[in-house]
Amino acid sequence: MTLNLTDAEMDALEALAGQKDLNKTAIIRQALRLYQLVDQRMREGKKLFIEDDVNKVKSELMLV
Amino acid sequence: MEASVIYLVRGADESLVEAVLLDDLDKPHLEQLEATWAPVVEQVKRTTPRDRWPEDWHWNWRDKLSHAHQTFGQRGFCITCEGGLQGAMLVDLASLSNKGTRSVLYVDYLAVAPWNRSAIQTPKRFKAVGGTLIAAAVQLSIDEGFKGRIGLHSLPGARRFYEKNCGMTIIGPDPQKQNLTYYEFTSEQANAFLAKPLTK
């Protein structure tokens, strides 16, 4: 399988690989696991929130 | 499902005993866990004060596994020996650690059978069950590109095991997880752990 990425997407992938100390394949695989996990929870009727740790404001991640 | 022959240490005479490590935790294992572990835990609960109950007595493995089977981000492991389930573990490959910048494989749940705990039975029936499961988590971390790094939150009674037996780094209490202490293995610590014999 060939994965076609734009320059910006490849830059992001390389930056994440550097930050997380993972190779690019591991980053893509982890991203897929996270995507599957979020999708599964959403299909169960659950919601995903991101909370600001300082002021405790929550924002819901909308998947449309 | 992959099965590996491993060796545990019999508590009574320190002899090595052949066992099997499975990279699987499915319905038959769950049924065995419920049928054999739960009665021992119930007996302990009936006969000892609450502060000496096993800290994980309330873990609902059936509920935990129902989520794990729906995604491939979670993997189960178990150890069987002499026909019994000796330990079980659930790990998460889809966790985003906020404790450090580097990704780790997160150990969600790890438990050994009640008869393999010195607080319940002396001597333990088998030693090295928990250490073998941690080694399996480290190996999976290596296989999946995490370079051996793992992270976990420890119940208070297991802290000594992760600190002394495993040599993990104490990151600190986590207010987001009932103040349980969070530990991590660096890549170097993980490799050192794999290189040493498991005896406890």
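Being a predicted model, the structure only gives us computed values, none of them experimental. Proteins come first, then strands; the chains are lettered A, B, ... in the order of their sequence lines, and each starts at number 1.
- A distance of 10.0 Å separates CD in B/E144 from CD in A/Q30, rounded to the nearest 0.5 Å.
- Both the backbone and the side chain of A/Q36 have a heavy atom closer than 4.5 Å to some heavy atom of chain B.
- By the rule that hydrophobic residues join a cluster once side-chain heavy atoms approach within less than 4.5 Å of another member, B/V107 and B/L194 end up as members of one cluster.
- Atom NZ of A/K46 sits in a crowded spot, with more than 12 heavy atoms from other residues, nucleotides or ligands closer than 6.0 Å.
- Under a hydrophobic-cluster definition in which Ile, Leu, Val, Met, Phe, Trp and Tyr are linked whenever side-chain heavy atoms come within less than 4.5 Å, directly or via other members, B/V17 and B/V112 are assigned to the same cluster.
- How far CG of A/L32 is from CG of B/L93: 12.0 Å, rounded to the nearest 0.5 Å.
- For A/K56, the NZ atom sits in a packed shell: over 12 heavy atoms of surrounding residues, nucleotides or ligands are nearer than 6.0 Å.
- Interface residues of residues 22-29 of chain A toward chain B, defined by a heavy-atom distance below 4.5 Å and sorted by number: A/L22, A/A26, A/R29.
- At most 12 heavy atoms of other shown residues, nucleotides or ligands fall within 6.0 angstrom of atom CG in A/D7.
- Hydrophobic cluster membership differs between B/L25 and B/I79, with clusters built from Ile, Leu, Val, Met, Phe, Trp and Tyr side chains linked at under 4.5 angstrom.
- Counting heavy atoms of neighbouring residues, nucleotides and ligands inside a 6.0 Å radius, atom NZ of B/K45 exceeds 12 of them.
- Salt-bridge check for A/D21 with B/R149: passed, with a basic side-chain N closer than 4.0 Å to an acidic carboxylate O.
- Note that CD of A/Q40 and OG1 of B/T71 are 7.0 Å apart. Values are rounded to the nearest 0.5 Å.
- Connection of B/V129 to B/V44 is not established within any shared hydrophobic cluster, with ILVMFWY side chains joined at heavy-atom distances below 4.5 Å, either directly or through further cluster members.
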